[in-house]
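Following this message is one structure expressed as structure tokens.
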Amino acid sequence: MTNTDAKKDIAFPHRHLIGIDGLSASDITALLDLSDQYVDQNRQVDKKGSILRGRTQINLFFESSTRTQSSFELAGKRLGADVMNMSVSSSSIKKGETLIDTATTLNAMHPDLIVVRHGDSGAVELLSQKVSCSVLNAGDGSHEHPTQALLDALTIRRRKGRLEGLTVAICGDILHSRVARSNILLLNIMGARVRVIAPKTLLPIGIERMGVEVFNDMREGLKDVDIVMMLRLQLERMHGSFVPSVREYFRYFGLDYEKLAFAKKDALIMHPGPMNRGVEIDSEVADDINRSVIREQVEMGVAVRMAALDALSRNLPNEQSL
Amino acid sequence: MSRTAYINARLFDPSRGIDETGALLIDDETIADLGSSLFAGGVPAGIETVDCNGRLLTPGFIDMRVFTGEPGTEYRETLGSASLSAAVGGITTIIVMPNTDPVIDDVALVDFVERRARDTAIVNVHPMGALTRGCAGEQMTEIGLLKDAGAVAFTDGDKPLSSSLVMRRALSYANFFDALIVQHAEDLDLSCGAVMNEGELASRLGLHGAPSAAETIMIERDLRLVELTGGRYHVAQVSCAASVDAIRKAKAAGLSVTCGASAAHLTLNENDVASYRTFMKLSPPLRHEDDRRAVVAGLADGTIDVIVSSHHPQDPETKRLPFAQAAFGAVGLETLLPAALSLVHSGAVPLERVITAMTTSPASLMGLNRGRLEKNAPADLTLTDINIPWVLDPEKLKSKAKNTPYDDRRFQGRAIRTIVGGMPVHVEEGR
């Protein structure tokens with residue numbers, strides 16, 4: 001496969017990728033189709049393309065994240081962009097510079113794409129209003145993490161051949177999870193059935209109106225599901241006590257073989273990482289090569305981010321338009 | 001001696017049962033006479049005449065919840081700039097909150113506010129005194145001395161008095177001075193970290209929400225303490241159905257309890273926050289539409305006594321931030337009347353309820369000799385065109401801060417002349 005193949009027209013009429021909210025089924029399908037091509041490209045010896053040659057991509061991370069940031073960095077570089085990484089948590093914020101100051105400062109450097117992660121819900125959207133380039137949300141507070149949902153969807157689609165009609169259980173700390181929100185939105189748009197399983201203290205109020213079935217009991221909720229998506233217990237976002245102890249949490253809500261037995265025999269295990277082994281997932285289950293696709297998710301992540309960067313860049317103004 | 005006749009006015013004072021077309025004569029600082037038969041034979045020579053063309057002439061509006069930045073953060077709002085904003089909004093008396101820097105918790109500071117107001121403000125200004133020193137919720141202020149100095153009520157402003165013990169003592173002690181205790185009802189444990197109303201929308205936005213129970217629990221606790229002490233208790237703002245019910249029951253039981261609601265909580269709901277609009281970030285938060293309707297119903301049936309602006313100026317730097325980091329509050333002096341009138345136009349609340357809740361009712365709560373159309377009463381009056389359509393342009397607000405939740409909102413009706421102590425402080429040209 002060559003880059004000219006990837007260059008074929010796709011319909012993705014959006015300037016930014018702020019969330020799954022606002023995307024249509026055809027937008028998502030277009031991104032996943034394009035991602036499939038990049039999975040192939042990434043398995044070649046020569047992984048380098050030139051679609052973003054001359055483009056500048058800034059990875060602006062207000063929250064540190066090794067895996068997402070490196071995934072976006074690799075994605076940009078494989079498309080030929082000049083990629084700059086900025087970790088802001090350490091520098092400007094401490095000097096009192098606001099998000100909008102940072103945005104306007106960066107905007108003056110004429111980037112084409114800005115990838116942003118921020119600890120506050122809505123911060124990426126706010127930033128997108130103040131810049132003239134495309135903005136990709138790499139996670140904002142407890143709001144959305146669209147490329148994670150897309151890479152999860154790609155992983156599932158490649159393994160199961162479809163999304164429609166599958167039953168997906170999202171388990172654990174739904175309350176603080178942007179991954180859960182983006183996945184609930186995406187899976188609903190694509191026609192999957194979504195369950196959430198968590199203790200009540202980790203479920204957002206009104207979650208039942210977001211198109212999910214709600215369970216508190218793992219065994220009940222996992223019954224006959226096709227996909228088990230585990231979430232990280234986000235200890236750093238917790239004000240006060242949501243669960244009494246890690247050992248009690250693991251006992252009732254951690255994924256082990258005993259609970260997994262309630263799911264379909266060929267159910268896949270997913271986790272957005274980084275995992276707390278022995279907190280939300282048993283180590284053996286996580287490493288089970290027959291069931292766990294956790295490492296595959298990481299591979300899909302690079303491809304999905306390449307597809308997203310590619311799709312957005314096609315809508316950028318181009319002075320050298322052909 | 002200056003005399004002005006307002007003729008052909010719709011004289012309107014529901015507390016006195018007045019709703020008639022007639023004239024009103026101002027003699028210097030007071031209302032000299034009024035009625036349908038006044039000047040029936042024409043205005044005598046030598047008296048300045050204003051033809052009201054049948055428009056609504058009411059007692060001047062009283063807003064009992066206004067935050068300014070004076071002293072301490074004058075860049076946000078001064079007493080002077082707040083008074084300009086009030087005048088445009090038809091408000092003749094503002095009650096300023098003690099949450100300044102320093103907090104108004106001492107006689108000298110009450111004197112300071114009154115002196116600054118006298119020198120710089122064009123409407124009447126009365127301070128509420130802090131209920132506890134530094135609004136820290138621990139030690140009662142000198143309620144008697146502060147009241148004698150001019151504090152019209154006692155509150156910790158935008159902070160709740162959390163301690164049951166201190167609240168009990170404050171209610172008991174203030175009773176002797178017949179002082180009104182005003183509470184911002186919020187259980188800070190339940191609302192910890194919250195930035196909007198809890199519910200489906202907050203969950204979708206990934207924002208931490210406070211349940212409306214955080215407000216109702218505090219009100220219900222306080223109602224028990226009122227029962228125990230017999231104090232005069234006022235909830236600054238109720239925002240949800242359960243709080244309105246709690247107050248309604250307490251009133252039926254004969255407790256000395258009153259409450260207010262802000263124009264924003266009467267006209268906006270949590271959906272207005274959508275897409276993280278920080279100008280909609282208020283305390284208490286905008287609630288569900290069912291709650292808003294219950295608050296409106298509470299105003300209509302008299303459970304809610306007063307409408308306030310809860311004017312809270314914030315400069316752009318504290319609002320142009322991610323939603324969770326942005327400051328709470330919205331300006332409201334210039335939109336109090338138009339927002340309240342929207343309830344009248346929609347048929348939800350009768351005009352007399354709205355006018356009472358902005359005139360007689362706050363005046364009697366705080367013992368002010370204002371808020372009525374009566375011979376020898378102070379000539380604080382507002383002339384309102386209740387039908388004129390207009391669109392709010394935030395840049396035209398007189399307040400130093402422009403953080404209005406109503407930008408580009410279409411309104412019907414506004415004040416076209418505001419008179420304080422007989423003097424017009426706001427006159428809309430050409431009307």
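Chain A is the first sequence line, chain B the second, and so forth, proteins listed ahead of strands; every chain is numbered from 1.
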ask   = Which value, rounded to the nearest 0.5 Å, describes the distance between H176(A) atom NE2 and H208(B) atom NE2?
value =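 So the gap between those two atoms works out to 7.5 Å.
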Value rounded to 0.5 Å, distance of CG in L207(B) from OG in S142(A) =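 Reported to 0.5 Å precision, the distance equals 8.5 Å.
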request  = Show the numbers, then the answer: is there a side-chain contact (heavy atoms from CB on, under 4.5 Å) between D120(A) and Q325(B)?
outcome  = CA-CA 8 Å; D120(A) 285 318; Q325(B) 291 176 27; 2.3 Å; yes
key: Engaged part of R181(A) at the chain B interface, taking heavy atoms whose separation is under 4.5 Å   =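 Contact with chain B: side chain only.
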ask   = Among residues 273-287 of chain B, which ones touch chain A with a heavy-atom distance under 4.5 Å?
value =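 Contacts with chain A: S275(B), Y276(B).
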message = Taking the side chain as everything from C-beta on, heavy atoms only, tell me whether I207(A) gets closer than 4.5 Å to S203(B).
response = no
key: Student check: side-chain heavy atoms of L321(B) and L99(A) closer than 4.5 Å   = no
inquiry  = So for atom CZ, which belongs to R15(A), do other residues, nucleotides or ligands contribute more than 12 heavy atoms lying within a distance under 6.0 Å?
reply    = yes
message = Given heavy-atom pairs under 4.5 angstrom as the criterion, report whether the side chain, backbone, both or neither of L185(A) touches chain B.
response =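 L185(A) touches chain B through side-chain heavy atoms alone.
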task = Determine the option with the most heavy-atom pairs under 4.5 angstrom with chain B, choosing from G206(A), G122(A), G19(A), S121(A).
result =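 Looking at each option in turn, the highest pair count goes to S121(A).
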request  = State, with a plain yes or no, whether a side-chain heavy atom of E200(B) is found less than 4.5 Å away from one of I205(A).
outcome  =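 No. Closest side-chain heavy atoms not under 4.5 Å.
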request  = Check whether any side-chain heavy atom of R204(B) sits under 4.5 Å from a side-chain heavy atom of M210(A), and report yes or no.
outcome  =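 Result yes, sub-4.5 Å side-chain heavy-atom pair found.
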